[in-house]
Amino acid sequence: MDISHIISSLNEPQRLAVTSEADRLLVLAGAGSGKTRVLVHRIAWLIQAENHSPFEILAVTFTNKAAAEMRYRIEDLLNIPVSGMWVGTFHGLAHRLLRTHWQDAKLPQSFQILDSDDQLRLIKRIMKEQGIDDARIPPKQVQWYINHCKDEGRRADHIEEFDMIAKWQLQIYHSYEDACQRGGMVDFAELLLRAHELWLHNPKLLKHYQERFRHILVDEFQDTNTIQNAWLQLLTTGTTNKMTIVGDDDQSIYGWRGARIEHIQEFDRDFPNADIIRLEQNYRSTGVILAAANSVIRKNESRLGKELWTEASDGDLITVYAAFNELDEARFVAEQIQNWVDDGNSRSEVAILYRSNAQSRVMEEALLRCSIPYRIYGGLRFFDRAEIKNAMSYLRLVEYRNDDTAFERVVNVPPRGIGNRTVEKVREVARDEGSSLWSAAMKVAEEKLLPARAANAIKDFVALINLLDESTQGLALSEQAEHVIESSTLLAHHKNEKGEKGQTRVENLKELVSACQQFGSEVELEGDQSLLSAFVDHAVLESGEGQADEFEDSVQLMTLHSAKGLEFPTVFMVGVEQGLFPSRMSIESLDKIEEERRLCYVGITRAMKHLTICYAESRRLYGKETLNRPSQFLREIPKETMQEVRVNTSVVRPTTFTAGGTNESSVTEHDGVFYEIGQQVRHSTFGEGYILNCEGSGPRARIEVNFDLEGNKWLMAQYAKLEIL
DNA sequence: CTCTACGAATTTTTT
DNA sequence: ATTCGTAGAG
């Protein structure tokens with residue numbers, strides 16, 4: 001068989017990676033160096049050159065989108081379907097394992113997946129039951145605590161807490177685990193934890209999978225959390241199977257949600273005898289853009305080290321625009337895009353990247369004014385919308401009456417006179433009987449445990465669900481959905497809503513019906529799972545894209561985080577200001593600043609040809625006017641790669657990031673002590689704080705410090721006697 | 001029970 | 001500014 005097409009188009013390191021026979025291979029793939037390409041070609045190579053069956057291959061990604069794309073590209077390259085191959089997200093694969101081995105995993109066959117919204121509701125309910133003040137301990141924080149524990153592989157039983165708050169959180173974690181086990185509910189982190197325990201406690205089962213998967217490939221390895229890494233280790237240690245991991249420590253931007261950059265940095269410790277191949281040739285950006293990216297990321301202390309290079313020319317300089325305020329910034333960007341489009345380019349080649357979602361509004365307004373179509377990534381996704389979740393809950397109840405999560409959600413949606421008091425009674429009965437809310441509701445209605453009005457309301461609800469079930473027997477999924485949405489009066493309820501909101505919701509509900517239709521025609525059912533329950537799982541695990549309209553030629557707006565993995569000929573990075581990017585939440589710790597810096601690196605490397613960086617001197621955020629300095633990252637970009645554009649020359653600014661006038665820098669020195677922005681310091685009177693800015697050096701060095709208690713102050717380094725922490 | 005009014009909080013996102 | 005959740009009145 002001719003296999004040359006698999007490797008002929010690759011460069012040397014790529015080819016080495018694709019054809020490597022190492023047991024443990026780490027491919028350190030810089031931005032734009034052909035990471036996915038290597039993964040796809042390696043799998044194709046394994047199948048065609050090494051005659052592996054797709055059945056023996058496991059490929060893990062982080063998003064469903066990446067998984068779908070990978071499968072598509074492999075099939076496209078090989079020109080054959082590879083259906084026996086397991087390709088999916090950690091969560092998707094874990095789910096598959098649990099559905100197959102539900103008994104060994106000690107789960108009911110009908111276990112339901114909780115999304116984070118359901119999870120939060122459950123936590124709130126538990127806290128209320130236990131009389132824990134949710135002002136003192138915010139449920140969100142408890143949710144974070146529980147998920148963090150699970151991400152680290154810790155069950156409530158294994159933990160001991162000493163701190164008062166932590167003790168309460170642990171207690172809630174305990175009750176939460178009980179509630180989940182009783183109700184057959186599994187949250188996202190639990191999928192991973194259970195799948196890990198499934199293998200850990202069933203050596204036979206583990207052996208089966210170890211022998212099946214001869215090759216394991218993991219994408220975006222820098223984003224793995226502890227439990228995911230442990231799962232991979234279980235699968236590979238002491239075996240002869242081979243593992244390839246691909247990632248880039250410089251693009252690790254999810255530390256805040258449990259990802260451990262150490263996993264990739266210390267890969268050879270966890271997985272001994274690893275080969276490392278670096279992909280440093282970049283095929284995406286111009287020399288100037290890469291110079292800027294390299295220069296920024298070099299500031300990070302802890303990294304495996306990589307330097308991107310390109311055969312492409314230097315290209316245009318990076319444009320820097322110092323806006324007067326956020327409106328001026330947005331206006332400038334819109335204007336530039338208008339010019340770009342007038343020059344005959346398409347809008348979809350342009351992306352506007354920002355640090356926080358709150359920044360999108362001003363940009364949208366400016367684009368709207370110029371009649372430039374745009375599309376926002378992120379935001380609420382389809383299956384996360386309230387109206388969709390409500391409709392899904394009706395479907396879930398019709399399928400499976402004991403689904404408490406669904407019951408809680410829609411007993412009184414639309415309002416049918418079942419208030420808190422009534423639901424409380426139902427919960428109480430359910431608790432006493434150890435039954436589901438549904439059975440409790442029937443009991444309450446029949447035995448008249450409540451005032452007639454409430455009991456009747458409950459009775460009507462029970463009757464409604466039963467009726468929906470009877471009348472949809474034998475119907476196709478989409479017809480079933482249509483009927484349920486209509487007869488539950490959800491549709492009418494949303495139609496009556498005032499304003500445009502109701503209209504959108506009605507449209508979304510219609511969209512749900514066609515989603516059912518599509519799902520029914522595409523999915524292949526495994527085992528004896530019903531189509532409806534497969535659809536329910538699908539809805540939770542893949543909540544879908546945020547926005548439609550992807551076909552119109554439009555400018556792309558998104559956060560820096562969601563831009564990872566994408567590329568655009570023209571990129572605008574806006575709001576590059578100290579306190580916004582890096583976020584003020586990150587400024588005090590070096591680790592967090594390094595993550596923000598990686599985010600900056602990700603942002604810069606999204607640009608293929610043109611990069612424009614903007615910052616505003618004054619910005620209205622959360623209804624307050626704030627004065628921000630240019631981001632420290634701006635100073636880390638070589639001056640010779642930038643050109644400053646000034647439209648509004650009349651604005652006089654006391655400080656700029658360039659050398660004119662003052663001489664600020666990110667570091668200064670006095671008496672042999674070096675001060676750097678972001679460092680934590682202590683002052684004898686003002687207490688602790690962190691350095692915001694430096695100016696001058698030697699005896700004239702001045703340092704601006706943000707003190708925890710006293711706010712911002714400029715100090716002379718000579719007299720301040722700052723102690724570096 | 002439902003609706004309206006007022007007050008607090010507000011990085012980043014996937015599964 | 002805006003959204004979300006809770007408290008108090010209808």
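As a basis for the values below, the full set of heavy atoms in this structure was taken, side chains included, without hydrogen atoms, waters or symmetry mates. Each chain gets a letter, A, B and so on, in the order its sequence line appears, and its residues count up from 1. Just so you know, these numbers come straight off a predicted model, no measurement behind them.
- Contact check, A:Asn147 against B:dT14: no side-chain N or O comes under 4.0 Å of OP1 or OP2.
- Straight-line distance from the NZ atom of A:Lys592 to the P atom of B:dT12: 14 Å, rounded to whole Å.
- The residue A:Arg453 sits apart from the nucleic acid: no heavy atom pair falls under 4.0 Å.
- For B:dT2, the OP1/OP2 oxygens have a side-chain nitrogen or oxygen of A:Asn412 closer than 4.0 Å.
- Nearest nucleotide to the A:Leu541 side chain, out of B:dT15, B:dT11, B:dT13: B:dT15.
- Nucleic acid contact class of A:Arg421 (heavy atoms, under 4.0 Å, all strands): sugar-phosphate only.
- Side-chain contact check for A:Asn300 and A:Tyr601: no donor-acceptor pair (N or O, by modelled atom type) lies under 3.5 Å.
- The pair A:Arg598-A:Glu595 meets the salt-bridge criterion, with a side-chain N (NZ, NE, NH1 or NH2) lying under 4.0 Å from an Asp/Glu carboxylate O.
- Separating the P atom of C:dC4 from that of B:dT13 is a span of 16 Å, rounded to the nearest Å.
- Within the structure, a side-chain polar atom (N or O) of A:Ser562 is placed less than 4.0 Å from OP1 or OP2 of B:dT13.
- Going from atom NE2 of A:His148 over to atom P of B:dT14 covers 21 Å, rounded to whole Å.
- Within 3.5 Å, no donor on the side chain of A:Ser543 pairs with an acceptor on the base of B:dT15, nor the reverse.
- Classification of A:Glu596 and A:Arg355 as a salt-bridged pair holds, one side-chain N sitting under 4.0 Å from a carboxylate O.
- Here the side chain of A:Arg619 pairs no donor or acceptor atom with the backbone of A:Glu326 at under 3.5 angstrom.
- Nearest to the side-chain atoms of A:His561 among the listed nucleotides B:dC1, B:dT11, B:dT13 stands B:dT13.
- For the pair A:Tyr254 and B:dT15, the criterion of a side-chain N or O lying under 4.0 Å from OP1 or OP2 is not met.
- Counting any heavy atom pair closer than 4.0 Å across all strands shown, A:Thr422 reaches sugar-phosphate atoms only and no base atom.
- Atom CZ of A:Phe62 is separated from atom P of B:dT12 by 21 Å (rounded to the nearest Å).
- Across B:dT15, B:dC1, C:dT2, the shortest atom-to-atom separation from the side chain of A:His91 is found for B:dT15.
- Protein atom CG of A:Leu599 is 7 Å distant from nucleotide atom C1' of B:dT12, rounded to whole Å.
- Figure legend: A:Arg375 and A:Tyr377 shown as a cation-pi pair, the cationic atom lying under 6.0 angstrom from the six-membered ring centre and within 45 degrees of its axis.
- No engagement by A:Asp223 is indicated, since no non-hydrogen atom pair under 4.0 Å with the nucleic acid exists.
- Here A:Lys425 pairs with A:Glu428 in a salt bridge; the nearest charged N to carboxylate O distance falls below 4.0 Å.
- At B:dC1, none of the side-chain N or O atoms of A:Asn420 fall inside 4.0 Å of OP1 or OP2 (strictly under the cut-off).
- Using a 4.0 Å heavy-atom criterion, one finds that A:Ser583 contacts the bases of the nucleic acid, with or without backbone contacts as well.
- OP1 or OP2 of B:dT11 has not a single side-chain nitrogen or oxygen of A:Arg257 nearer than 4.0 Å.
- In the set B:dC1, B:dT13, B:dT15, B:dT15 carries the atom at the smallest distance from any side-chain atom of A:Ser116.
- Taking the nucleotide of DNA chain B with the nearest heavy atom to each of A:Ala454 and A:Tyr622, the more 5' of the two is matched to A:Ala454.
- The closest side-chain donor-acceptor pair between A:Glu220 and A:Gln222 falls under 3.5 angstrom.
- For A:Thr89, taking side-chain heavy atoms from C-beta onward, the closest of the listed nucleotides B:dT2, B:dT15, B:dT13 is B:dT15.
- Residue contacts for A:Asp187: at a heavy-atom cut-off of 4.0 Å it reaches no nucleic acid atom on any strand shown.
- Between A:Thr559 and B:dT11 there is no side-chain N or O to OP1 or OP2 distance below 4.0 Å.
- Going from atom CZ of A:Arg598 over to atom P of B:dT12 covers 18 Å, rounded to whole Å.
- Distance A:His493 NE2 to B:dT2 C1': 12 Å, rounded to the nearest Å.
- With centres under 5.5 Å and a plane angle under 30° as the test, the ring of A:Phe90 is not stacked against the base of B:dT15.
- What separates CZ of A:Arg121 from C1' of C:dG5 is a distance of 12 Å, to the nearest Å.
- The interatomic distance linking A:Lys564 (NZ) with B:dT13 (C1') rounds to 11 Å, in whole Å.
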